[in-house]
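Convention: sequence-line order gives letters A, B, ...; per-chain numbering from 1. Basis for what follows: all heavy atoms, side chains included, without hydrogens, waters or symmetry-related copies. For clarity, every value in this text was computed on a predicted model and none was experimentally measured.
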Number of protein chains: 2
Amino acid sequence: MNVEASTDTVKRNGTTVCAPAEPMPPVPTDEREANDLLARLAKAFAHPARVAILRMLVRQEGCIVGDIVDEVPLAQSTISQHLKQLKDAGLIRGEVDGPRVCYCVEPGVVALFKALVAAL
Amino acid sequence: MNVEASTDTVKRNGTTVCAPAEPMPPVPTDEREANDLLARLAKAFAHPARVAILRMLVRQEGCIVGDIVDEVPLAQSTISQHLKQLKDAGLIRGEVDGPRVCYCVEPGVVALFKALVAAL
DNA sequence: AACGTTCATCGTCGATGTACGATGAACGCG
DNA sequence: CGCGTTCATCGTACATCGACGATGAACGTT
């Protein structure tokens, strides 16, 4: 059976939305801490698939894993691994929605990354 | 014989300066290219030592490898490897200065990285 | 020409990253 | 309850990273 049950241009995510976002964490004053943090966040962006995933999440403000699997040409397990890396870096958050999982950007952490890069 | 020949608070880099900088490369219009490029640059920042090195270079506008080896607690060969990665990413440029090598930031590429991140 | 200094490269080793298929856990539905 | 869907995790295989010491190449100095 196909996924197309209700409409023909379904986006799986439907109405799933995210919990309220956290505020932006502070930029470390200590330079070594700032370096470590920037490196950790940069590492999360160090793969094209993860950049693509994060862009998707930024665009549509919450997204089901299946949507990502449809758009990124990688196996489902591989995408799940990339999502885990993004989550471990604090850049995204996953919320269970029945049998599915909705991933959302953590805008504060993205803003922190932008701030760290802009301060280079 | 020590390096301290002329002054006692020597910075090895002395008067070594960099060639004029290149302008900022264009931000790719194709999203996949932008993702690849951002991932490639982010990977260069994905290690604290490389962030520290780049910060040094930004601060003092041109730097001798020995200065970096003095400030970063890693073996000389390891630092050379990190410099190579930064160079391969296009973020820095090395110019031979007698027996030494002066590394300089490529400000256009740094600006490109900032632009790509800011556009997230 | 011989030497010391400076830096890059090589070889090695363990750790981590990336990809996949297979399996498992959680959930809604019939 | 049994079943299909959805996603995470496991196990595996290969590539790359990150660190080091040792060696080599380029250069200035003596």
Side-chain angles (χ1 to χ4, degrees), chain A residues 1-6 10-14 16 35-36 39-40 42-53 57 62-89 92-104, chain B residues 1-6 10-14 16 35-36 39-40 42-53 57 62-89 92-104:
Chain A
M1 177 88 51
N2 257 344
V3 184
E4 280 76 353
S6 44
V10 280
K11 280 283 168 195
R12 253 175 256 210
N13 55 350
T16 315
N35 289 353
D36 288 358
R40 222 163 51 80
K43 194 182 226 177
F45 283 96
H47 192 288
R50 289 196 291 270
V51 177
I53 290 171
L57 296 183
C63 194
I64 294 298
V65 175
D67 296 339
I68 304 173
V69 175
D70 289 345
E71 291 210 11
V72 180
L74 289 174
Q76 177 263 325
S77 57
T78 305
I79 297 201
S80 201
Q81 283 187 123
H82 284 305
L83 285 168
K84 179 170 167 47
Q85 293 188 48
L86 288 171
K87 195 169 70 174
D88 289 347
I92 66 175
R93 187 184 359 150
E95 291 173 13
V96 177
D97 172 28
R100 307 177 247 233
V101 177
C102 172
Y103 278 99
C104 301
Chain B
M1 176 87 53
N2 256 343
V3 184
E4 280 78 355
S6 45
V10 281
K11 279 286 166 190
R12 252 175 257 203
N13 55 352
T16 315
N35 289 352
D36 289 357
R40 223 163 50 79
K43 195 182 220 173
F45 283 95
H47 192 288
R50 289 196 291 272
V51 178
I53 290 172
L57 296 182
C63 196
I64 294 298
V65 176
D67 296 338
I68 304 172
V69 174
D70 289 345
E71 290 211 11
V72 180
L74 289 175
Q76 177 264 326
S77 57
T78 305
I79 296 199
S80 202
Q81 283 187 124
H82 283 306
L83 286 167
K84 180 169 167 47
Q85 293 189 50
L86 289 170
K87 195 169 73 175
D88 288 347
I92 65 174
R93 184 181 5 145
E95 292 173 14
V96 177
D97 172 29
R100 308 176 246 232
V101 177
C102 173
Y103 279 100
C104 300

Practice problem: Could you list the residues that satisfy side-chain hydrogen bond (donor to acceptor under 3.5 Å, both in side chains) with B:D88, not counting sequence neighbours? | Solution: B:K84

Practice problem: Round to the nearest Å and state the distance from B:L86 atom CG to D:dG18 atom P. | Solution: 11 Å

Practice problem: Could you check how far CG of B:L83 sits from P of C:dA8, rounded to whole Å? | Solution: 6 Å

Exercise. Sequence neighbours left out, what passes side chain to side chain contact (heavy atoms under 4.5 Å, CB included) with A:A52? Give chain and number order.
Key: B:N35

Quiz item: Does a side-chain N or O from A:K84 land closer than 4.0 Å to OP1 or OP2 of D:dC7, or not?
Solution: no

Practice problem: Compare the minimum distances between each of C:dA8, C:dC7, D:dA8 and the side chain of A:V101, then state the nucleotide with the smallest one. | Solution: D:dA8

Can you give me every donor-acceptor pair (side chain of residues 74-82 of chain B, partner residue at least two apart or in another chain, under 3.5 Å) with its distance?
| residue | atom | partner | partner atom | Å |
| --- | --- | --- | --- | --- |
| B:H82 | ND1 | B:R50 | NH1 | 3.0 |

Quiz prompt | Distance in angstrom units between B:D88 CG and C:dT9 C1', rounded | solution = 13 Å

Quiz item: Please give, in whole Å, the distance from C:dC7 C1' to B:D70 CG?
Solution: 13 Å

Quiz item: Atom NE2 of A:H82 to atom P of C:dT16: distance rounded to whole Å?
Solution: 18 Å

Practice problem: Give the rounded distance in Å between these two atoms: CD1 of A:I64 and C1' of D:dT6. | Solution: 9 Å

Self-check item: Between D:dC17 (C1') and B:R40 (CZ): distance, integer Å
Solution: 17 Å

Self-check item: Sequence-distant partners of B:F45, ring pair (Phe, Tyr, Trp, His ring centres under 6.0 Å), two or more places apart
Solution: B:F113

Quiz prompt | Any A:R100 side-chain nitrogen or oxygen under 4.0 Å from OP1 or OP2 of C:dG28 | solution = no

Exercise. Round to the nearest Å and state the distance from B:R50 atom CZ to D:dT16 atom P.
Key: 15 Å

Quiz prompt | Pairwise 5' ranking along DNA chain C for B:S80 and A:K43, keeping only the more 5' one | solution = B:S80

Quiz item: Would you say A:Y103 reaches D:dA8's phosphate, i.e. side-chain N/O to OP1/OP2 under 4.0 Å?
Solution: yes

Exercise. For the residue pair B:L83 and B:I68, establish whether any side-chain heavy-atom pair is separated by less than 4.5 Å.
Key: yes

Self-check item: Summary of protein contacts for nucleotides 20-28 of chain D, nucleotide by nucleotide, where a base hit scores B, a sugar-phosphate-only hit scores S (4.0 Å, heavy atoms)
Solution: BBB----SS

Quiz item: So which heavy atom on B:V65 is nearest to which on B:Y103, and how close?
Solution: CG2-CE1, 3.4 Å

Quiz item: How far does NZ of A:K87 sit from SG of A:C104, to the nearest 0.5 angstrom?
Solution: 12.0 Å

Quiz item: Start at the 5' end of DNA chain C and walk down; is the nucleotide closest to A:H47 or to B:K87 reached first?
Solution: B:K87

